[in-house]
Amino acid sequence: MTLDYDIIVIGGGHAGCEAATAAARLGSRTLLLTMDMGKMASMSCNPAIGGVAKGQIVREIDALGGEMGRITDRTTIQFRMLNRSKGAAMWSPRAQCDKSRFSEEWRRTLENTENLYIWQDSAMELLFDTSTERPCIQGVKTRMGVEFSCRAVILTAGTFLDGMMYCGTSHAEGGRAGDAASHGITESLKTMGFETGRMKTGTPARLDARTINFEILEPQYGDEKPAKFSFSTDTQPVKEQVPCFLVYTTAEVHDILRGGFDQSPLFNGTIQGIGPRYCPSIEDKLRTFADKDQHQLFLEPEGLTTNEYYLNGFSSSLPWEVQWQALHTIKGFEDLHIYRAGYAIEYDFFPPTQLHHSLETKLVSGLYFAGQVNGTTGYEEAAAQGLMAGINAHRGINGKEPIILQRDEAYIGVLIDDLVTKGVDEPYRMFTSRAEYRILLRQDNADLRLTPLGHEIGLISEKRYAEFVEKKSAVESLISFAREQSIKATEINDYLKSVGSEPLSQGRKLYDILMRNNVTFETLRKVLPKLEKFISKNMITAEAIEEAEIQIKYKGYIEREKFIAEKLHRLENIRIPDNFDYFSMNALTIEARQKLSRIRPTTIGQASRISGVSPADVNVLLVKFGR
């Protein structure tokens, strides 16, 4: 055993696990520091992966060679593709997982990753070398007094930094129920000049299924033909699914909850941290939507071998008695027993404008931040940051340029650029609306966008890359077939009428017919023998067929977004010197000078996205650096 490592990852959550496996698989001798080896990538809140925009992120993690997608597939107990009724850019995969198995699969993966070592302990202090012009990381000191040395540290401490939990007037230190808080790291970083703040999140009560009357609840089933997250053939879609259930609050429930507002730490000033607007507590919902007499809740199973259920939408920090009384008045919960009450947690974070796009800190060389310490919320956002931090920490200590994903390349690129450029004033959650190129950034084409990069940097195996090339070739061949194949009106008109489409007056290319609404490869195969023969002969998979169809139907939109992205790339290619003095440019507004000096954008494209930097300011920068 050695006390010297290339990279040390602090925290065994979703960000830390992705960071550690990526760095180790790339060849760095990596140490993962975690307070509890039994809770690797624990689902501290809801037992699900994916959702709107989050599902796209997981597909991107998988396309780059990360682990979240494959581990989700192995532990899925229900799968749904959300927004199927909308355009393909909005389709978002989501899976309910077996919470215990998910964590167990992650631990098995970590323990069997070459170059990866684990130490169960709490990090108490970061060690720095301040003898150089820019301080650099030297190591980590733990609660047990062990000093590890390293060349890079990735901090992924989640909600544990000075964490404090609240339930009514009761409060206790902790990173989550049953786990201690972590102290010392924030103080270490403050001494180096880092800015810090407090954020808040929460979780609902957990319910005992034996005391729920499921017969009168509305079930919510998974997809009839479930898909999966990973593009790899190593995993398969879930075969046996379990339902979730819909339940609803009532005016009576709301009255009981309001009766406890005076004891709510959210409302009486006890909690100062900023909470997530897009995942509000039930108290926040009642205050924000005071006119509503009903709120929809989702009852989600936590696994196949447990009676524990998660009540999505009922996050609360009200006194446990108030929660218990209110829950008992919900239809189906009349005899309810709860395993534990909901609570809020307040924790330290570091405004992410203190980071480069590589996720390395600007103040200390070799120190990277990922996950909730950057002000984000969600397993998927954390895992994406962890993956990129692991990749870039490895590349950094080996003298290689960091991997920076652009906003038109990945939701991960949008996520990191938003954090670094705009900062956060509330816990950041990804939405499709945050991506200006969401037609390019679909969940179905994440492999086409990112797998070549994953292979290039060393996270995608040769076997996996060969599978990717085979799929890409199949998609291209099917599109070429559709372009070349002429279809007579007599072959297709009866079919077109059956799907509510205008019949042909003369023959057309199959490609043009596929651009019509309600016309699909799947249904055309039944009426066009030559199409069925081509697909069967070439063994084209359902996934490749879907990808080809989307590219055909959205061709115009895709080309338009690519054109816009290419135009804006010109601004991304105009660099700004690292130490440029913005206050010397009187033509810039005072606000622009202040914001630019604080955030230190590396390109004019990044500068243009900073709040407070106007188009006129951008033009001034273009005159100075671009023309």
Side-chain angles (χ1 to χ4, degrees), residues 42-51 77-78 80 94-100 102 165-168 176-178 200-222 242-258 260 264 266 275-276 278-286 288-289 292-304 306-345 377-379:
S42 175
M43 291 179 156
S44 305
C45 207
N46 66 316
I49 294 293
I77 58 178
Q78 187 196 92
R80 295 177 65 211
R94 184 181 189 273
Q96 292 292 143
C97 293
D98 188 306
K99 179 178 177 177
S100 296
F102 185 90
M165 300 179 295
Y166 297 90
C167 182
R176 62 176 166 237
K200 168 262 172 189
T201 188
T203 193
R206 303 305 197 272
L207 316 182
D208 184 345
R210 297 172 299 175
T211 60
I212 299 171
N213 185 0
F214 288 101
E215 292 183 0
I216 61 174
L217 300 183
E218 179 183 346
Q220 186 181 54
Y221 298 103
V242 297
C244 297
F245 296 87
L246 300 179
V247 294
Y248 301 88
T249 63
T250 63
E252 182 183 3
V253 173
H254 297 178
D255 288 341
I256 294 170
L257 293 171
R258 290 191 183 99
S264 169
L266 293 181
Y278 301 107
C279 188
S281 65
I282 191 67
E283 301 99 283
D284 282 325
K285 288 181 185 178
L286 297 189
T288 306
F289 307 104
K292 288 188 175 292
D293 291 330
Q294 175 178 283
H295 288 286
Q296 187 180 67
L297 308 173
F298 299 89
L299 189 59
E300 303 173 347
E302 297 237 330
L304 296 176
T306 178
N307 289 321
E308 190 173 1
Y309 269 71
Y310 177 93
L311 189 57
N312 197 337
F314 204 85
S315 173
S316 178
S317 60
L318 288 167
W320 73 267
E321 302 96 329
V322 176
Q323 295 182 44
W324 180 79
Q325 187 181 358
L327 287 169
H328 266 257
T329 61
I330 292 176
K331 181 181 177 182
F333 291 177
E334 292 82 2
D335 299 316
L336 185 68
H337 173 82
I338 61 176
Y339 284 124
R340 55 187 165 105
Y343 61 92
I345 181 168
T377 181
Y379 310 143

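Note that CG of D293 is 12.0 Å distant from CD of E252, once rounded to the nearest 0.5 Å. Atom OG of residue S317 and atom CD of residue Q323 lie 8.0 Å apart, to the nearest 0.5 angstrom. Expressed to the nearest 0.5 Å, how far CD1 of I282 lies from OG of S315 amounts to 9.0 Å. Atoms OG1 and OH, on T201 and Y343 in that order, are 9.0 Å from each other to the nearest 0.5 Å. Going from atom CG of N213 over to atom CG of D335 covers 8.0 Å, rounded to the nearest 0.5 Å. Taking CD1 of I212 as the start and CG of L299 as the end, the distance is 4.5 Å to the nearest 0.5 Å.
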### Message
Could you walk me through whether W324 and L336 satisfy the side chain to side chain contact (heavy atoms under 4.5 Å, CB included) test, starting with their C-alpha distance in whole Å, then the side-chain angles of each, then the deciding distance to 0.1 Å, before giving a yes or no?
### Response
CA-CA 8 Å; W324 180 79; L336 185 68; over 6 Å; no
### Query
Do L286 and H295 pass the side chain to side chain contact (heavy atoms under 4.5 Å, CB included) test, and can you show the C-alpha distance, the side-chain angles, and the key distance before you say yes or no?
CA-CA 9 Å; L286 297 189; H295 288 286; 4.0 Å; yes
### Message
Does C45 form a side chain to side chain contact (heavy atoms under 4.5 Å, CB included) with Y379? I'd like the steps, not just the answer.
### Response
CA-CA 9 Å; C45 207; Y379 310 143; 3.7 Å; yes
### Query
Checking side chain to side chain contact (heavy atoms under 4.5 Å, CB included) for the pair L311/L327: CA distance, chi angles, key distance, verdict?
CA-CA 10 Å; L311 189 57; L327 287 169; 3.5 Å; yes
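Looking only at side-chain heavy atoms (C-beta outward), L246 and F298 come within less than 4.5 Å of each other. Here the side chains of P301 and C244 are in contact, with some heavy-atom distance below 4.5 Å. Considering only heavy atoms from C-beta on, H328 stays 4.5 Å or farther from F333 through its side chain.
L266 and S281 get closest at one heavy-atom pair: CD1-OG, 3.4 Å. Among all heavy-atom pairs drawn from T203 and S44, the shortest one is OG1-O, 4.1 Å. Taking each heavy atom of R94 and G51 in turn, the nearest pair found is CB-N, 3.7 Å. A341 and W320 make their closest contact through CB-CB, 3.7 Å (heavy atoms, listed as atom of the first residue, atom of the second, distance). Nearest approach of L257 to L318, heavy atoms of both residues: CD2-CD1, 3.6 Å. Listed here is the closest heavy atom pair of P47 and K99: CB-CB, 4.4 Å.
Listed for the D98 side chain is a donor-acceptor partner under 3.5 Å among the backbone atoms of L304. With Q96 contributing its side chain and V242 its backbone, the two residues share no donor-acceptor pair below 3.5 Å. A donor-acceptor contact shorter than 3.5 Å is absent between the side chain of K285 and the backbone of K292. In this structure, the side chain of T306 does not engage the main chain of G303 through any donor-acceptor pair within 3.5 Å. Listed for the E334 side chain is a donor-acceptor partner under 3.5 Å among the backbone atoms of G332.
Classification of the Y339-H337 ring pair by plane angle, with boundaries at 30° and 60°, yields perpendicular.
Side-chain rings of F214 and Y309 approach one another, their centers coming within less than 6.0 Å.
Ion pair R340/E302 not flagged as a salt bridge, since none of the NZ, NE, NH1 or NH2 atoms sits closer than 4.0 Å to an Asp/Glu carboxylate oxygen.
The number of heavy-atom neighbours closer than 6.0 Å to CG of D255, taken from other residues, nucleotides and ligands shown, is above 12.
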